[in-house]
Amino acid sequence: MDDTVLVINCGSSSLKVALFDADMNKLGSGLAERLGNSDAFAGLSGEPERIPLANGASHKDALEALIEAFRQRNLLNAQPAAIGHRVVHGGERFREAARVTDDVIAAIEQCASLAPLHNPVNLAGIDAISDLFPDVPQVVVFDTAFHQTLPEYAYRYALPDRFYQQWGVRRYGFHGTSHSFMATESARRLGKPPESTSIISAHLGNGCSITAIREGASVDTSMGLTPLEGLVMGTRSGDVDPGLFDFLGSKGISADEVHRILNHESGLLGISGQTNDMRSLCELAEQGHRASALAIEVFCFRLARYIGAMMASLAHLDALVFTGGIGENSALVRHKTLSHLSLPGFYVDRDLNQNHGRASDGRIDSGNSRFAILVIPTDEELVIAKAARAKATSEPHH
Ligand code: ADP
């Protein structure tokens, strides 16, 4: 057995893997896309050549091909010491990572009605690994677990009580792995213990969510029962008036179509009519494309509103933190968002922001800002690798 840790993240038609050594340095990572389609392919980061996959390759086929590629490069010699899986929904059962057992698998299956697109495919990854490495301990890390500390008044919807009692209709929150990394990493940078550090963490990637973290614990978050609620995202609408469903129904649009439109045709893509990609939108806006400029404005204003809303959950604030592809790389989005927030006292330094805080340990706030403002690259794979190693060592297999 090696002392490496393998991290696996299965999406509906994609798979990401990363391999870490005993000191938690990343040895390599890879990606497979379009799984189940005729043009499925895989590749290792930093290598232009693609690894060919069979027609209609499955998650397991891709996993085998990527593991073989790690082997050929001598990154993985025997078996990994532990394997960590990202699992989207842990319901109310999982407050932290868990060692995979039959009981845990059954619980993940039970949560699948809350995440029908994600949990089954996460389980497919666990199945594939159980075949490939039957003796290696596996650990599951849930997107929802970090938010299990939300107080009831923050996680309940104002709906008939029976929906919660019978079906678990409540706010769960997602991106927990990234938000928890922001909590510890911003505390480290501010030189404070995590358990006395309070931040607002904005994870802005293709999916976007924002979380209030009070003394290390999640106390409010913008995603809800599903990852559709809250901020404007690449193709997801975020918050809309619930009356919209009725209205669209009256126009002959079916529930299935509404689901598809809100998840796949809305957000930045919907408003701009061009793309869900923020970098491309910024270029289009620069060239004078009005709808693209508007998409950016709506995105930033919604985000600013939510930053304000998150302050209701905190007694003090140590830092506002930006992460994810947009949060880490778009000075424009950070600037526009913060320009709505001078009343509470957020002020950004132009040059530090332009430089993404790289020369200032992440800090981009100006001298007159009431709060620190940070840009911190997220590293969900590292969090999963650490959790996998910790659980695999602390709970030996029976
Ligand atoms: P995912 O949620 O799929 O992991 P990422 O966190 O990589 O996605 O974020 C992807 C988003 O980040 C895209 O909208 C992309 O355009 C945006 N992004 C990446 N780099 C930049 C940049 N330099 N400027 C603006 N947006 C960027």
Side-chain angles (χ1 to χ4, degrees), residues 7-17 31-37 39-40 56-63 84-94 100 104-129 140-147 157 163 167-179 203 205-209 221-240 245 253-270 276 324-325 380-381 384:
V7 172
I8 298 174
N9 181 354
C10 287
S12 49
S13 65
S14 70
L15 169 78
K16 289 184 196 161
V17 293
L31 170 75
E33 280 183 14
R34 307 210 37 86
L35 296 173
N37 293 297
D39 52 351
S58 65
H59 285 82
K60 187 174 177 198
D61 299 330
L63 201 48
H85 296 270
R86 172 188 179 214
V87 176
V88 168
H89 219 303
E92 290 188 329
R93 156 89 185 257
F94 296 101
V100 174
V104 164
I105 289 178
I108 297 171
E109 277 165 358
Q110 268 174 16
C111 298
S113 74
L114 294 166
L117 299 180
H118 294 105
N119 275 28
V121 77
N122 299 152
L123 284 165
I126 298 174
D127 259 5
I129 286 291
V140 279
V141 179
F142 299 91
D143 273 25
T144 51
F146 182 61
H147 301 299
Y157 291 113
F163 290 169
W167 296 324
V169 174
R170 53 161 282 180
R171 174 174 288 115
Y172 290 94
F174 299 88
H175 289 141
T177 310
S178 179
H179 291 302
H203 177 106
N206 278 310
C208 301
S209 74
T221 192
S222 60
M223 282 179 169
L225 175 68
T226 75
L228 184 56
E229 191 178 345
L231 302 175
V232 176
M233 312 183 207
T235 60
R236 285 174 248 168
S237 61
D239 294 344
V240 291
F245 298 88
I253 301 182
S254 70
D256 279 357
E257 261 178 285
V258 174
H259 173 90
R260 186 176 47 77
I261 293 168
L262 295 184
N263 278 284
H264 303 296
E265 295 178 6
S266 298
L268 297 173
L269 172 65
N276 63 324
E380 292 161 281
E381 289 165 342
I384 296 173

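- Shortest non-hydrogen contact noted between Ser266 and Ile261 is OG-O, 2.6 Å.
- Side chain of Ser13 to backbone of Leu35: no donor-acceptor contact under 3.5 angstrom is found.
- At a threshold of 4.5 Å between non-hydrogen side-chain atoms, the residues Ile8 and Lys16 do not count as touching.
- Taking the six-membered ring where the residue is Trp, the centroids of Phe142 and His89 are separated by 6.0 Å or more.
- A salt bridge links Glu92 to Arg170: one of the charged nitrogens lies within less than 4.0 Å of a carboxylate oxygen.
- A heavy-atom distance below 4.5 Å is found between the side chains of Leu228 and Asn263.
- Thr226 OG1 to Arg236 CZ: the interatomic distance, rounded to the nearest 0.5 Å, is 8.5 Å.
- Looking at heavy atoms from C-beta onward, Ile108 lies in side-chain contact with Val104 at the 4.5 angstrom threshold.
- Between Arg260 and Glu265 a salt bridge is recorded (basic side-chain N to carboxylate O distance below 4.0 Å).
- Looking at Ser237, its side chain never comes within 3.5 Å of a backbone N or O of Gly267 through a donor-acceptor pair.
- Scanning for salt bridge (charged side-chain N to carboxylate O under 4.0 Å, His left out) contacts around Asp39 gives Arg34, with sequence neighbours left out.
- For the side-chain contact (heavy atoms from CB on, under 4.5 Å) test with Val87, the passing option among Asn122, Val100, Asp143, Thr144 is Asn122; the others fail.
- The shortest side-chain heavy-atom distance between Thr221 and Arg171 falls under the 4.5 Å cut-off.
- Between the side chains of Ser209 and His203, no donor-acceptor pair of N or O atoms lies under 3.5 Å.
- The main-chain N or O of Met233 is never found under 3.5 Å from a side-chain atom of Asn206 such that the two would form a donor-acceptor pair.
- Partners of Asn276 under the side chain to side chain donor-acceptor pair (under 3.5 Å) rule, at least two apart in sequence or in another chain, do not exist in this structure.
- Distance check: Leu114 CG to Asn119 CG gives 8.0 Å after rounding to the nearest 0.5 Å.
- Taking both residues in full, the closest heavy atoms of Leu117 and Pro120 are given as C-CD, 4.4 Å, listed atom of the first, atom of the second, then distance.
- For the atom pair CZ of Phe94 and SG of Cys111, the computed distance is 6.5 Å after rounding to the nearest 0.5 Å.
- Looking at every heavy atom in both residues, Ser12 comes nearest to His59 through O-CE1, 3.4 Å.
- Annotation: side chain of Glu109 is in contact with side chain of Leu123 (closest heavy-atom distance under 4.5 Å).
- Side-chain contact check for Glu33 versus Leu31: some heavy-atom pair is nearer than 4.5 Å.
- Asn9 places no side-chain N or O within 3.5 Å of a backbone atom of Arg86 that could act as its donor or acceptor partner.
- Residues Glu380 and Thr177 approach most closely at O-CG2, 3.8 Å, considering heavy atoms.
- Using modelled atom types, one finds a donor on one side chain and an acceptor on the other under 3.5 Å when comparing Tyr157 with Glu229.
- Smallest separation of non-hydrogen atoms from Cys208 and Val232: SG-O, 3.7 Å.
- Panel note: side chain Asp61, backbone Ser58; a donor-acceptor pair is recorded below 3.5 Å.
- Between His175 and His179, the ring planes lie perpendicular to each other; the angle is over 60°, past the 30° to 60° tilted range.
- The minimum heavy-atom distance between Gly125 and Leu63, with the atom names listed, is O-CD2, 4.4 Å.
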- Under the side chain to side chain contact (heavy atoms under 4.5 Å, CB included) criterion, do Leu262 and Phe245 qualify, and how do the steps go? CA-CA 10 Å; Leu262 295 184; Phe245 298 88; 3.8 Å; yes
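- Side chains of Thr235 and His264: no donor on one and acceptor on the other come within 3.5 Å.
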